[in-house]
Protein chains: 2
Amino acid sequence: MKIPIVRDILEANDRIAEQNREIFNQNRVLVINLMSSPGAGKTTLLEKAIDALKNDIHIGVIEGDIETTRDAERIAAKGVPAVQINTKGACHLDGNMIRDTFNEFNFAELDLLVVENVGNLVCPAEFKIGEDFKVMILSVTEGDDKPGKYPLMFHESKVLLVNKIDLLPYVDCSMEKIREDALKINPEIVIFPVSCKTGEGLDAWFSWLKEKVKGKKTEVRGQ
Amino acid sequence: MKIPIVRDILEANDRIAEQNREIFNQNRVLVINLMSSPGAGKTTLLEKAIDALKNDIHIGVIEGDIETTRDAERIAAKGVPAVQINTKGACHLDGNMIRDTFNEFNFAELDLLVVENVGNLVCPAEFKIGEDFKVMILSVTEGDDKPGKYPLMFHESKVLLVNKIDLLPYVDCSMEKIREDALKINPEIVIFPVSCKTGEGLDAWFSWLKEKVKGKKTEVRGQ
């Protein structure tokens, strides 16, 4: 009896996400949906990206959290427009929540909108928000068995950032196993091993992202 | 429009959880619902507990995962009865899923049943399964801002195990802040800092748990 209800909610959400996407496309804003377990480093990674990219591209941020405005405050301190969504218990962002932030942004002036989802390796992967693509972060401290155990997020993501590689000497985690298992689930996934602490690997990810922003700005679009 | 549906599901679940609980009580089995983010160390902690306690108490385990039977295999290798639930996408265990495992156990022979929930710091806290109490694990690698950002799980748990304290020198995380913020949300929560790697702190947690198992065996119950 639960299945049809869930399907209705997902279908209604897909329609709203599609409307959001149309608005993002009209404004040629690249939108990424950033997902991970709690504490994998989403906000820190975003702070680093803003520092590295804000002279070249105009970035806006939507922060999704169950409670608190801490993350949006951290981002706003970097001098970019940031809006906090408090989901009040909900474990993921959906299309409606994103639409409710639209009055807070001038999309014509943005090149990149990063939506930081609620920390959760399961539910956010099911809900589209109008993004161009999903980016997930896995911290090496979570262990190398995660692709097999949480396959949907690996399947839905275009990019996998493997974070905290500076801690590899202290934890039982094989980078090679993560890579192999992630590629088994999603052969197209692009993997960047990074450390927000040492900066290792970040440049490669930022260059890749900049290319995608440029592509969105210059793409030829039909009706 | 979504709220009533969600409320119906939660109320139906509460009724089934209550029936499970009655069966556990009749058999005087202490049942704990073990929750955390992915990779915080639930299964490793459970392996350590089995090694330490299995000569004194009879332990059974239910493993909840979206996919794979890896965790139940790890537990069964320790020589205790273990049943794997694959939720096939669902982000939490519920009362029905637990009930479906009952044929696999002889509860009259068990003292302690540990239910390892799906790795998720949000949704599992909303669903009762018939447990005596909830135990959550937070890894120090997730950061000290987690009580404020994921308050429900801290609010619902009787015990907070702060794991991976051997990594404290390498991460930005204050044990004191975790303690303070967790107690603000739940002044009754019992906190054990532990390391599954070095064994630090585990004995205190195992002793506490053994006392609870003993209490359940000898409790005077009304009709």
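We name chains A, B, ... by the order of the sequence lines, and we start the count at 1 in each one.
Heavy atoms of other residues, nucleotides or ligands lying less than 6.0 angstrom from CD of B:E73 number more than 12. Within 6.0 Å of CD on A:E200 lie no more than 12 heavy atoms contributed by other residues, nucleotides or ligands.
Interface with chain A: from residues 145-157 of chain B, residues B:D145, B:K146, B:G148, B:K149, B:Y150, B:P151 qualify, criterion being any non-hydrogen pair under 4.5 Å.
The choice from A:G119, A:G143, A:G89 that makes the most heavy-atom pairs within less than 4.5 Å of chain B is A:G119. When B:L138, B:D65, B:N86 are compared by the number of non-hydrogen pairs under 4.5 Å with chain A, B:D65 comes out ahead. Counting heavy-atom pairs closer than 4.5 Å to chain A, the top-ranked of the candidates B:C91, B:P38, B:G39 is B:P38.
With values rounded to the nearest 0.5 angstrom, A:N120 atom CG is found 4.0 Å from B:N120 atom CG. Distance CG/A:L121 to CD1/B:I66: 7.5 Å, rounded to 0.5 Å. A:S139 OG to B:E142 CD: the interatomic distance, rounded to the nearest 0.5 Å, is 9.0 Å.
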* Stepwise side-chain contact (heavy atoms from CB on, under 4.5 Å) test for A:V171 and B:T141 -> CA-CA 11 Å; A:V171 296; B:T141 60; 6.0 Å; no
